[in-house]
Amino acid sequence: MQVELSGGMIKRLFNSQDTGEDLSTSQPILQVISMKKVDPPPNATNHSSDRWRTIISDGEHFMQGMFATQVNGLIEAHEIQKNTVIAVENFSCSYLQGKRLLIIMAARVITQAGEKIGKPENVQGGAAAAAESSAPQTPNPAPSPSTTTTTPVPHAQSRQQSSAKVGGKANSIYPIEGLSPYQNNWTIKARVTQKTDVKTWSNQRGEGKLFSVTLMDETGEIRATGFNSVVDELYDKLQEGNVYYISKARVNLAKKKFSNIQNDYELALERNTEVEECPDASNVPAVRYNFVNLNGLEELQKDATCDFIGVIKDVGDLGTITSKASNKTVAKRDLTLVDQTGKSVRLTLWGAQAEQFNADDSPVVAFKGVKVGDFGGRSLSMYSSSTMSINPDITEAHSLRGWYDALGSGQNFTSMSSGSNAGSSTMGGVSRDEMRTLFDVKESGLGTSDKADYFSCRATIMHIKGDNISYPACPTEGCNKKVVDIGGQWRCEKCDRSFERPEHRYIMSMAVADHTAQAWLQGFNDVGLAVFGMSANELVDIKERDEPAYNVILHKSNCATFNFACRAKQDTYNDQTRIRYGISRLTPLDYKAEMRALKTILQSPWARA
DNA sequence: CCCCCCCC
């Protein structure tokens, strides 16, 4: 059975910019004659930003095309391949690199791969047509960007571009999907879907300010950043939600660390960049999400950014933290979010957003560009560039709403973020999933970056250093500063007071081991209290009165096993860099809980497989 | 050219 292609459509599409024919609702039935992946740029990191070129036919003519990344799912699933017939549900016909290109933004598969239908000819005609139609098996789609640095811009394009400036035809504009560093004479028509605050920085290399926007059109999105004087020029002009014609910006490789926008490039807004508001904002979409669910979140690296949608299970109290880097106080609030995976995750809001957040009815919330953290497993945190949308009118939100109201609200969730206020698989604030062996802690180099890493382990005390087990501290509540003996009196510099006797506080250095390795852990007063079951004052008293009794107490603490929550951090002392492991919490083993955890592991799918 | 994202 032969499928009927929309004969004659390629010619009409190809010429639509000259004839002015509006084919936007035509949904032509076309055949994919060939497909080729465009060479990825050197920093491409994932398949979702692959770009596929195609030659597409109506049985009479063929032309060159490109699949927008929204269609990549169908291509990766091999739903669309050579000879597949598709209904093109949404498209745009553009000039790109001097060629006319059909950009396919949405497609439905009609029939899978069969035979090539008809004897289509190149709609452009001429010598190129002969070459391409004679070799359909090894097609030669539009050259990849790396080979087109000198492609001349045709008259039609420059004419169309200038007409666009005075509110002319939108189809003469470059698609965002087609931007690359190898073109310089383009104009995009894009909506600002997100704009950051103006941020200032200061480091060894200098100081300055910057802002960035997310720009979106029907084909894709791209981040654009402006620095210093460009901030003054463009910050007020570019308004969130509005649509602009933008040209003469530099196209650079994207710095993925600062965004998860699905584009391998980003724009640098420069002094001569032209920005003109477009009053006709139709056909320019509003927001695009690339959601991960909580299973997918597990796969992401720390510090990656992602989009996430979930139901708010719990709104934590407003709190404050003091940044170690800047010493500034910042408001924070932790939300607990759940999704259909049966997991929950902690997401932290900062500043005014934390202070003003108010939702008590388990709303569905969509987040764009949030940071992945590894606190006790996986956690999420807002960047200043992240966006939060409460009960958005999108299908994912409606699906979550239906699930939560019917089932989810009564369900138990497994926390991915220990230390949050939710969680069934946590223990002493430490997620069991994050239990590591000491060998693994050392082997994987935790604490070797400039930031601290957190881990937990189950280990047995082998030895506690007996000299300097404590220090004389200021007895003032919360001071804890070391005091000095000034002849019968103990003086605290910080409190500017002297005391008759100090309050001893533990400083513990202990060797612990599990079945894989041993390590030295450092702990403070709470650790000593848990290990010895007495205050440092009491222990110091015993040591002074009866040294053998003190040694017995130390010896008896050996062989006790604890679950430790630790912090690994590099430090340099006397020109020697080493990793120090600090104990932030320790809990004695609860054998029933240990057994339940082992049972859970044994019942997990991978254990049964 | 030039970018941090905080705390446990």
Side-chain angles (χ1 to χ4, degrees), chain A residues 194 196-213 223-232 249-250 252-261 266-271 273 302-306 316-334 336 346-355 367-388 415 417-423 426 428-431 434 449-456 524 526 564-569 582-586:
Chain A
Q194 205 269 341
T196 67
D197 294 335
V198 175
K199 290 170 278 185
T200 55
W201 83 90
S202 169
N203 59 30
Q204 309 92 302
R205 284 160 294 185
E207 55 186 57
K209 56 182 176 179
L210 71 113
F211 81 108
S212 68
V213 290
R223 200 173 97 108
T225 306
F227 290 93
N228 300 324
S229 67
V230 175
V231 177
D232 304 325
R250 180 200 295 268
N252 292 326
L253 285 174
K255 287 166 184 155
K256 297 281 187 184
K257 195 187 162 193
F258 299 116
S259 110
N260 73 323
I261 281 166
E266 64 184 21
L267 297 180
L269 304 171
E270 298 182 303
R271 281 161 169 277
T273 295
K302 174 173 152 57
D303 295 333
T305 54
C306 69
D317 295 332
L318 183 65
T320 55
I321 59 106
T322 306
S323 162
K324 279 180 182 157
S326 66
N327 232 19
K328 280 185 195 157
T329 304
V330 189
K332 68 160 248 179
R333 190 192 294 273
D334 288 339
T336 303
R346 189 186 85 172
L347 185 145
T348 306
L349 307 177
W350 302 99
Q353 207 161 33
E355 286 163 2
F367 296 89
K368 188 167 169 59
V370 287
K371 177 188 174 167
V372 177
D374 65 352
F375 183 66
R378 282 287 173 272
S379 59
L380 295 171
S381 172
M382 293 289 276
Y383 278 123
S384 64
S385 57
S386 308
T387 63
M388 173 172 77
S415 175
S417 330
S418 73
S420 78
N421 34 25
T426 58
V430 176
S431 162
E434 285 297 294
S449 68
D450 26 346
K451 282 193 175 177
D453 290 313
Y454 297 88
F455 67 93
S456 58
F524 290 100
D526 52 333
F564 293 93
C566 296
R567 179 179 187 273
K569 178 100 173 69
I583 303 166
S584 45
R585 186 161 29 201
L586 78 172

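Fair warning: this is a prediction, and the values are worked out from it, not measured in the lab. Below, read A as the first sequence line, B as the second, and so on, with proteins coming before strands; counting in each chain starts at 1.
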query: Can you name the nearest heavy-atom pair linking A:A249 to A:A268, along with the distance?
result: CB-O, 3.5 Å
- request: Please report, rounded to the nearest Å, how far the P atom of B:dC2 is from the CZ atom of A:R271.
  value: 16 Å
Interatomic distance where CD belongs to A:E270 and P belongs to B:dC2 [whole Å]: 12 Å
Atom-to-atom span, CZ of A:F375 to C1' of B:dC8 - whole angstrom: 4 Å
query: Can you tell me how far C1' of B:dC2 sits from CZ of A:R223, to the nearest Å?
result: 12 Å
- prompt: Checking only heavy atoms, does the side chain of A:K332 share a donor-acceptor pair with the base of B:dC7 at less than 3.5 Å?
  reply: yes
statement: Between A:V230 and the options A:T273, A:L269, A:L210, the side-chain contact (heavy atoms from CB on, under 4.5 Å) test singles out A:L269
Shortest non-hydrogen separation from A:Y383 to A:D303 and the atoms involved: OH-O, 3.9 Å
query: For A:L210 and B:dC1, what is the distance between atoms CG and C1' respectively, to the nearest whole Å?
result: 13 Å
query: Which is true for A:T322 with a 4.0 Å heavy-atom rule: it touches a base, it touches only sugar-phosphate, or it touches nothing?
result: sugar-phosphate
Selected nucleotide, minimal atom distance to A:E266 side chain, candidates B:dC3, B:dC5, B:dC1: B:dC3
query: How close or far is atom P of B:dC8 from atom NZ of A:K302, stated in whole angstroms?
result: 13 Å
field: Nucleotide of B:dC1, B:dC3, B:dC7 approaching A:W350 most closely (side-chain heavy atoms)
entry: B:dC7
task: Decide yes or no, distance alone: a donor-acceptor N/O pair under 3.5 angstrom between the base of B:dC6 and the side-chain of A:R333.
output: no
- request: Select one nucleotide: of B:dC6, B:dC3, B:dC1, the one nearest the side-chain heavy atoms of A:R250.
  value: B:dC1
field: Short side-chain N/O contact to B:dC3 OP1/OP2 from A:K209, under 4.0 Å
entry: no
message: Centroid distance below 5.5 Å plus an interplanar angle below 30 degrees: do A:Y383 and B:dC5 meet both conditions?
response: no
query: Do A:R346 and B:dC8 have a side chain to base donor-acceptor pair shorter than 3.5 Å?
result: yes
- request: Kindly write out the residues that satisfy side chain to side chain contact (heavy atoms under 4.5 Å, CB included) with A:K209, not counting sequence neighbours, or none if the list is empty.
  value: A:V198, A:T200, A:N228, A:V231, A:D232
query: If you check the A:T348 side chain, which of B:dC6, B:dC3, B:dC7 turns out closest?
result: B:dC7
task: Report yes if some heavy atom in the side chain of A:L380 is under 4.5 Å from a heavy atom in the side chain of A:C306; otherwise report no.
output: yes
message: I need the CG-C1' distance between A:L380 and B:dC5, as an integer number of Å.
response: 14 Å
message: On the nucleotide B:dC6, are OP1 or OP2 found under 4.0 Å from the side-chain N or O atoms that A:S381 carries?
response: yes
field: Options B:dC6, B:dC5, B:dC2, nucleotide nearest the side-chain atoms of A:W201
entry: B:dC2
field: Spacing between A:L347 atom CG and B:dC7 atom C1', to the nearest angstrom
entry: 15 Å
